[in-house]
Amino acid sequence: MDTRIAPQELARTLQSALVQGLIGSQDTGLIVYDLDRLRARLREACQAFPEGTLHALAVKANPLPKVLLLLAAVDPCIGAEVASLPELELALRAGFEPRRILFDSPAKTGAELRLALERGVNLNADGFQELERIHDLLAGLARQGVSPAGSIGLRVNPQVGAGAIAATSVAGHYSKFGVPVAEFRAEIIAAFGRHPWLTGLHAHVGSQGCSLEQLCAGARTLVDLAEEINDRSPGRVRLLDIGGGLPATYDAADPKPSISDYGVALRQSCPELWSGRYGLVTEFGRAVHANAAFAASRVEYVKVQSGVVTAVTHLGADLFLRKCYNPGDWHHDVLGVAADGRLKAGQAVAQTIAGPLCFQGDLPARDVPLPLLEQGDWVCFRDVGAYTLSMWSRYNSRQMPLVLGLSRKGGQLRFTVLRPRETVEQVLRFWD
Ligand SMILES: *Cc1c(COP(=O)(O)O)cnc(C)c1O
């Protein structure tokens, strides 16, 4: 199975959901999540890394409870990376045991840290002040006879350089995250000397815009630091969390490495990770989720004016927040599908896809060559499985679309509802 959902397959899938009566007239937009593809990516991750690696998937990439349930059940090597109390709760309720959960956040309160320690989840501190706070909390818990089961690490900024997308690069000279290694190497080593409970190192290089070389350089920096600390106090650093950031392919003309490619490159640059001396954690989000889903929206109107053909649809900056606000940095392939679910054919004409929101920037695609769209057609966006629904914007209070899950049995396409279309009542309750 190809990592991405090909155009013909996408159209066949939409057609099948239409024929099976799963898409009502009120469903002006929907997302279809290919659960088989998701499982394939997870298996790939488990095989590409050393045995015992925990792949703590970033919940922020896709927090749908039914997807998290699948992730928690599919393999013990899959975990959850969380950065807020609700994300932590989502992970626990999906069935991730605390030892498979990793709590990262640059702004954890004392109460949140205490809860995380009591629950026994793993956590990464984002700086020195947080380490002192953890030190005090641990002393308090020790007086009550409680010793936390989770491991505690320190996030560093490996400073291997920014990637192609500024807003999602966190390993430049400056980052709001972690402790920069070049500037604070001695202080980091001293912190490990002071706090015997500190046993992990964490780095995350960025998201989407980072090359394999950058990701491997980030991991290499982490390994070098761990070896230096362990030279002074043998066995002190036991867990290395190399973060996520592996890009996904959104454009066939700009293919990205697979999870397996990453495993091979990492083994070459950081053989220590395969030595058994370290436990390994990854935090993939995009690389696992992005290619597994597509979105479809009905064309409500087509306007031909001022030399531009604009198809007005029902999914805009509410779903494609990054694309609409930062169009130069992001891309989704767009397809036209006829009302009956057949891929549209015919001469391609440059068209602009508009969303339903009340501002001019609400254009998830501009000047894309497509067969001429008509009222009632579907506009489909590929590779929407990560950082789309999870970043849903409440602007204009539109209802979140229907989300279907797809799996196959004996050549048949089977759908489940992962999330029904939001009701007006639910939106009103949000604002209450
Ligand atoms: C966002 C994030 C991830 C996931 O990034 P992807 O690009 O989706 O792999 C992992 N770790 C941390 C700390 C993050 O902030």
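We count ligands from 1, going down the list as the structure has it; atoms in each ligand are counted the same way.
Sorted by first and then second residue, the ring-ring contact (aromatic ring centres under 6.0 Å, His included) pairs involving residues 240-261 (not counting sequence neighbours) are Tyr250-His332. Among pairs with a residue in residues 217-226, those fulfilling side chain to side chain donor-acceptor pair (under 3.5 Å) read Arg220-Asp224, Arg220-Glu272, at least two apart in sequence or across chains.
Here is the list of ligand 1 atoms found below 4.0 Å of a heavy atom in Arg286: 6 (P), 8 (O), 9 (O). Near Phe284, meaning under 4.0 Å from one of its heavy atoms, ligand 1 places the atoms 9 (O). Within ligand 1, the atoms closer than 4.0 Å to a non-hydrogen atom of Gly244 are 9 (O), 10 (C), numbered from 1 in the order shown. Listed by number with element, the atoms of ligand 1 under 4.0 Å from a non-hydrogen atom of Glu81 are 11 (N), 12 (C), 13 (C). Applying the 4.0 Å criterion to heavy atoms of Tyr387 picks out, from ligand 1, the atoms 1 (C), 4 (C), 5 (O), 6 (P), 8 (O). Counting the atoms of ligand 1 from 1 in the order shown, those under 4.0 Å from a heavy atom of Asp104 are 13 (C). Listed by atom number, the atoms of ligand 1 under 4.0 Å from Gly285 heavy atoms are 6 (P), 8 (O), 9 (O). The distance from ligand 1 to the heavy atoms of Ala58 drops below 4.0 Å at these ligand atoms: 3 (C), 4 (C).
Geometric assessment of Arg322 against the ring of Tyr387 yields a positive cation-pi assignment under the 6.0 Å and 45° thresholds.
Among protein heavy atoms, atom 9 (O) of ligand 1 sits closest to Gly245 N, 2.7 Å. The nearest heavy-atom contact from the protein to atom 15 (O) of ligand 1 is Lys60 NZ, 2.7 Å. Ranking protein heavy atoms by distance to atom 11 (N) of ligand 1, first place goes to Glu283 OE1, 2.6 Å.
Of the residues listed (Leu38, Leu57, Val59, Leu389), the one engaging Val67 in a side-chain contact (heavy atoms from CB on, under 4.5 Å) is Leu38, and it is the only one.
For Gly355 against Val312, the heavy-atom pair with the smallest separation is O-CG1, 4.4 Å. Smallest separation of non-hydrogen atoms from Leu357 and Asp362: N-OD2, 2.6 Å. The two atoms that bring Asp2 and Arg37 nearest to each other are O-NE, 2.9 Å, heavy atoms only.
Contact annotation: Phe177 has no heavy atom less than 4.0 Å from any atom of ligand 1. Heavy-atom distances between Gly243 and ligand 1 stay at or above 4.0 Å for every pair. Distances shorter than 4.0 angstrom do not occur between any heavy atom of His289 and any atom of ligand 1.
On a distance-only criterion, His202 and ligand 1 share no N/O pair closer than 3.5 Å. Of the polar atoms of Ala61, none of the N or O atoms is found under 3.5 Å from an N or O of ligand 1, judged by distance alone. Checked by distance only, ligand 1 and Ser207 come closer than 3.5 Å through their nitrogen or oxygen atoms.
Taking the centre of each ring, Phe381 and Phe294 stay at or above the 6.0 Å mark. Aromatic pair Tyr325/Phe320: centroids not less than 6.0 angstrom apart.
Under the 3.5 Å distance criterion, with hydrogens and angles disregarded, a donor-acceptor pair is assigned to the side chains of His55 and Thr282.
Of the two cysteines examined, Cys77 and Cys46, the SG atoms meet the criterion of being under 2.5 Å apart.
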